[in-house]
K.L.:
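I'd like to ask you about the structure that follows.
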Amino acid sequence: MEIILKIKALKGFKDIVPDEIELWNFIDKTARSVFERFNFSEIRMPILEATELFARSIGETTDIVEKEMYTFPDKKITMRPEATASMLRAYIENGLYAKKPVQRLFTIGPMFRHERPQKGRLRQFHQLDVEVLGSENSLVDAELMAMGALFFNELGIDVSLELNSLGCPECRPGYRKILIDYITTRLDNLCSDCKRRAHTNPLRVLDCKVPGCREQIKSAPSVQDHLCQGCRTHFDNVQKGLEMLNIEYSLNKFMVRGLDYYCKTTFEFITGDLGAQSAVAAGGRYDGLIEELGGPKNSPGIGFAMGVERIVLLLQQQKSVLESAEIDLYIAGIGEPGALSGYRLAHQLRKEGWSVAMDHEGKSLKSQMKQADKANARYTLIIGESELEKGKGLLRDMKNRDAEQVDVELSATAIVNRLQQ
RNA sequence: GUGGGCGUAGCUCAAUUGGUCAGAGCACCUGGUUGUGGCCCAGGAGGCUGGGGGUUCAAGUCCCCUCGCUCACCCCA
């Protein structure tokens, strides 16, 4: 290489090269297909938002807000670290709640968090995000999880669903106090991280990975045993809904959420195939958030986000490779007259809807045939000098190697007829 | 922010205790078939071994620094 490339992509930012994009499109296509069957509509929001939107929804003291956001120097504008807050802002700002009492929305796009990259975690990453705004019915919770399960099933990847309830502003503080008491009496047996968490984020002690901590946590008080009447009923009904739809799940009383706005139902689709990153999708209910952001009073909501990069990794290791795309025709011109005749013909066929490839580098026929093969062409049209004198070319079927003479100068009908078969 | 591992051709990786060690496979190009793809055969191009400094008669190999990648912790999709 003559030119030394000094400029590289930023740490944690990645190109999605053509070989990978098929996988991304497959995910995208599957998502749209599934979400539309559940009557979800797509919405797209800007990537930049007011910093305050995230500070208020995600939580001022969360790591995301405190140290992971890409915020511009004036401190008022931030590249979104997640989609829910933006979507709620759009829902409120556009008065969507007034147009339809319950909105079912999904979006897909890049999110940004300034973290140290590792497997399945980038600084620019992509999420598929679905939200149901305006319903507090537990059947919605279960339906959303069922939709996630169906999505992963149709992708052909193996994940399992875990469920928990975090309680609500009414019952969580009580549980929190009980938990802190429990932790405090065993502080000496916990790791240094957990000693710190005891003050900053006691719930996080529950999912510490250190064996010694896990030992202590085993007998820790469970949220599920300290739910208020409303949360208890809701939680039970969510499970009934899942059972009604035959969705497999397991309860995980240690499952915690990182974002402040969650309440009641929380769930994750997890895998053991992504190293430290077990969550492929995660979400939950956030009943007070819409109102807090200036939306209508008493408007509940629930949603979850799927990490697209993580799904891509799973597809790459769990599923056989997708067939590469096929093109209809490759035109191999021999000599300038053949190449020019093919040049014209290619455009004509493309206008009629066919995918056509050809080479403009004056390569040998053998080389062009190789390219046709590599491009996965159904047919190759060879336009040589001797046939061209009669206005003919040789159309070759790349699978069975049959070849026939066809008109190339007067009309493309014969070629089109072949392609239509 | 903290800790571990690794940087050799476009990709995946070799190179005995420092001593022809700059290699292989895949991919690419050309030819075998003056005009016919996949298989095969022959040949070709492609590297200041991430960068800098040091030790040595001799460094891809050892030491230091630096940059980058990666995995993990924290945190999280």
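Everything numeric here is computed off the predicted structure, so don't read it as measured data. Each chain gets a letter, A, B and so on, in the order the sequences are listed, and its residues count up from 1.
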K.L.:
Measure CG/A/D19 against C1'/B/C11 and give the value in whole Å, please.
P.N.:
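The distance from CG of A/D19 to C1' of B/C11 comes to 11 Å, rounded to the nearest Å.
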K.L.:
Counting Watson-Crick and G-U wobble pairs with both distances under 3.5 Å, what is the dot-bracket string for RNA chain B, 5' to 3', using [ ] for crossing pairs and | for pairs to another strand?
P.N.:
(((((((..((((.....[...)))).(((((.......))))).....(((((..]....))))))))))))....
K.L.:
Specify the separation, in whole Å, of atom CD of A/E387 and atom P of B/U36.
P.N.:
12 Å
K.L.:
Determine, for A/R32 against A/D28, whether the closest basic-nitrogen to carboxylate-oxygen distance falls under 4.0 angstrom.
P.N.:
yes
K.L.:
For A/D359 and B/U36, what is the distance between atoms CG and C1' respectively, to the nearest whole Å?
P.N.:
15 Å
K.L.:
Looking at A/K390 and A/E387, does any basic side-chain N land under 4.0 Å from a carboxylate oxygen?
P.N.:
no
K.L.:
Verify whether one side chain among A/E248 and A/S160 offers a donor that lies under 3.5 Å from an acceptor in the other.
P.N.:
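No, no side-chain donor-acceptor contact under 3.5 Å.
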K.L.:
Closer than 4.0 angstrom, basic N to acidic O: yes or no for A/K370 and A/D373?
P.N.:
no
K.L.:
Could you check whether the rings of A/H360 and A/Y343 sit parallel, tilted or perpendicular, using 30° and 60° as the cut-offs?
P.N.:
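Perpendicular, since the angle between the ring planes exceeds 60°.
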K.L.:
Can you tell me how far OG of A/S278 sits from CD of A/E162, rounded to the nearest 0.5 angstrom?
P.N.:
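Answer for the CD-OG pair, A/E162 versus A/S278, is 8.0 Å.
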K.L.:
Does any pair with a residue in residues 59-80 of chain A pass ring pair (Phe, Tyr, Trp, His ring centres under 6.0 Å), and if so which ones, sequence neighbours excluded?
P.N.:
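Residue pairs passing ring pair (Phe, Tyr, Trp, His ring centres under 6.0 Å), neighbours aside: A/Y70-A/H114.
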K.L.:
Using side chain to side chain donor-acceptor pair (under 3.5 Å) as the criterion, list what pairs up with A/Y262, not counting sequence neighbours.
P.N.:
none
K.L.:
Are A/Y249 and A/Q239 close enough that a side-chain donor and a side-chain acceptor fall under 3.5 Å?
P.N.:
yes
K.L.:
Whether A/E404 and A/R396 form a salt bridge (side-chain N of Lys/Arg under 4.0 Å from carboxylate O of Asp/Glu) is what I want to check.
P.N.:
no
K.L.:
Considering only atom P, compute the distance from B/A24 to B/A45 and round it to an integer number of Å.
P.N.:
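Rounded to whole Å, the distance is 12 Å.
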K.L.:
In whole angstrom, what separates A/Q405's CD from B/U36's P?
P.N.:
16 Å
K.L.:
Is there a side-chain contact between A/K14 and the phosphate of B/U70, meaning an N or O under 4.0 Å from OP1 or OP2?
P.N.:
yes
K.L.:
Donor-acceptor check, side chain of A/R113 to backbone of A/P81, threshold 3.5 angstrom: yes or no?
P.N.:
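Side chain of A/R113 to backbone of A/P81: a pair is present.
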K.L.:
Does any residue of residues 30-45 of chain A have a heavy atom under 4.0 Å from RNA chain B, and if so, which ones, in number order?
P.N.:
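Residues of residues 30-45 of chain A under 4.0 Å from RNA chain B: none.
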K.L.:
Going 5' to 3' along nucleotides 72-77 of chain B, which nucleotides have protein heavy atoms under 4.0 Å from the base (write B), which only from the sugar-phosphate (write S), and which from neither (write -)?
P.N.:
BBBBBB
K.L.:
Report, as a single string ordered 5' to 3', how protein heavy atoms within less than 4.0 Å touch nucleotides 37-45 of chain B: B base, S sugar-phosphate only, - not at all.
P.N.:
BB-------
K.L.:
Using whole Å, what does the distance between atom P of nucleotide B/C29 and atom CD of A/Q368 come to?
P.N.:
12 Å
K.L.:
Flag the pair A/K399 and A/E326 as a salt bridge only when some basic side-chain nitrogen lies within less than 4.0 angstrom of an acidic carboxylate oxygen.
P.N.:
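Salt bridge: yes.
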